[in-house]
Amino acid sequence: MVTTISRLAEYVGQQVMLQGWVANRRNSKGLVFLIVRDGSGFCQCVVAADQVAPSCFALAEHIGLESSCTLSGTVVRDERQIGGFEVQVRDLQLVGASQDYPIAKKEHGPDFLLDHRHLWLRSQRQWAIMRIRNAIIYALHRFFQQEGFVQMDAPIFTANAVEGTSTLFETDFYGSPAYLSQSGQLYGEAMAMAMGKIYTFGPTFRAEKSKTRRHLSEFWMIEPEMAFYDLDQNMDLIEAMLHFVLQAVLKECRFEFQLLNRDTTVLQRSAEQRFPRLTYEEAVALLTGRQHHNGTTTLGLLEADLEAVRKRKEAVVRELAERQQKLVGGSLRKGEANFNQAAIDRLKQELKDLEEDEANIPQWMASAREFRFGNDFGGSDETVLMRLFDVPIMVYNWPHEVKAFYLKRTADGRWAKGVDVLAPEGYGEIIGGGERETDINLLTEKIHEHKLPMEAFEWYLDLRRYGSVPHSGYGLGLERLVAWVCRLPHVRETIPFPRMYGRLTP
RNA sequence: UCCUCGGUAGCUCAGCUGGUUAGAGCAUCUGACUGUUAAUCAGAGGGCCGCUGGUUCAAGUCCAGCCCGGGGAGCCA
């Protein structure tokens, strides 16, 4: 008889018992509407004065938001309600009271919400995001397991940096300095030589003081590594993996996407179509606007974007003035005034975003126009380039000078066989990988060039001394993938407890 | 580290070229209403205007320094 909201469909017309929390309450004379959540979903439960004991009705009238309770009642189908069902309550019992719940039934700023992340996770939106994150993780495991991969874990304490460039978190390891892992990549290679095809799934740490919507100090990365794989096979695998994951999530998370208001057409396209594969040279030609794609150029599209932002900004400013005028003019009914106030709050937020865009787009255009051939792409370059595409693209064969030391070079020695996967809708790089260098001489040369301590890489060079084979792999940033799939403004909402520059609690 | 925007009630914000006692909505509490979807309606309580110093008869408002946060650059998944 105790069941969950997710299984209400099995009990239409029957009596059930639910255990959960009060997510919202609306009172009326003789009638109380409770939105109850139990982790599996949300459901409106109606308490009517003439259907329950007086003490029970009094409890319903005053029960605080996020109080925990058990209730029993009859399940009724009602398409208007969230989840499609309603419970007509016969009995309600308080389990744990809750008074003055801090997260109100209105919009909050990001800082306040992050300070209350332990409670924010209970809200509908966060529930949907975490369910999608879970579905993505589970689909990734299914994909790799059925493709014959073995999951193996790389260490988190490491003695030195993988790529001398990024800043690492230093800790004390029995008196010696140790660093939190910024990638399991090198260990992945060793494990692939033992098992053929492996993938790691674990936390990764970067100490860069990045304050952008794409960065976290602690994030989760999936890193497959395959023996006897070249760059093309690597790209085939990436495409198959993303197709599999997107198809699974689209199928399993319809309700979650609906809660998030996520238009899934781009995801659907990306789940079926092949991803364009561009060399670095081709990508640069598109980026700088010299090369057309489907009759347009990056710079042309950005020009149009900027114009659209300005037009929208004007409209927002005008609407704001009108609504503020109305409020000041007074004589509005209270409901109308509330509606106006809410609209003003939203418009102000939109105006801020538009102003950011208006300031950023010209800078991005300038940066794209002045892009120097041979450089790595910056965050804005990825955004600019991706204006041309509505499915992920793969950019490969990069100038070897700007890429990691372990990437294999093309026969002419000019390019590194790396590949970056860029997501559409402005999300940028979600995957970085490539074919690994097998020539021990080229590898040692690169280690010197990057001024890395040779003795720390002796074990890694052993992989080339004893039965080296062509091999490839890549790293998928879980939070960036979740952010794109959910179309969130910031990766901080994609992980239960984000760790980023300036944020260590809760 | 640099550029840029911000910090006013529990929350989201207004407060003009300095000028009487600091404003709104939401939330909370009290009351009204038998189908609400951020319910609605009437009323009440609620403020070291980020911190320190300066200019001034007078500072939430102007100036300087510091602290904290948003966005972006660099770096990257």
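Letters A, B, ... mirror the listed sequences (proteins, then strands); counts begin at 1.
The base of B:rU36 sits within donor-acceptor range of the side chain of A:Q81, with an N or O pair under 3.5 Å. A donor and an acceptor atom never sit less than 3.5 Å apart when one is taken from the side chain of A:S210 and the other from the base of B:rC76. Within 3.5 Å, a donor on the side chain of A:R480 pairs with an acceptor on the base of B:rC76, or the reverse. Evaluation of atom-type donor-acceptor distances gives a pair under 3.5 Å for the side chain of A:Q44 against the base of B:rU36. For A:E355 against B:rG71, a side-chain-to-base donor-acceptor contact under 3.5 Å is absent.
Between A:E356 and A:E61, the residue whose closest nucleotide on RNA chain B is further toward the 5' end is A:E61. Along RNA chain B, the nucleotide closest to A:D111 and the one closest to A:D78 are compared, and the more 5′ of them pairs with A:D78.
Ring centers of A:W127 and A:F42: under 6.0 Å apart, within the cut-off.
By the 30° and 60° cut-offs, the orientation of the rings of A:F112 relative to A:H116 is tilted.
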**OP:** List the steps and the verdict of side-chain hydrogen bond (donor to acceptor under 3.5 Å, both in side chains) for A:E493 and A:Q126.
**Re:** CA-CA 7 Å; A:E493 274 186 86; A:Q126 300 306 311; 2.7 Å; yes
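With pairs defined as Watson-Crick or G-U wobble and both atom distances under 3.5 Å, the stems of at least three pairs that touch RNA chain B come out as B:1-7 with B:67-73, B:10-13 with B:23-26, B:28-32 with B:40-44, B:50-54 with B:62-66.
Look at A:F219 and the base of B:rA77; the rings stack, centres closer than 5.5 Å and planes less than 30° apart.
Salt bridge annotation for A:E425-A:R262: present, with a cationic side-chain nitrogen under 4.0 angstrom from a carboxylate oxygen.
The shortest side-chain heavy-atom distance between A:I198 and A:E189 does not fall under the 4.5 Å cut-off.
Counting only residues at least two apart or on different chains, the ring-ring contact (aromatic ring centres under 6.0 Å, His included) pairs with a member in residues 197-218 of chain A are A:H141-A:Y199, A:H141-A:F201, A:F144-A:Y199, A:F201-A:W220.
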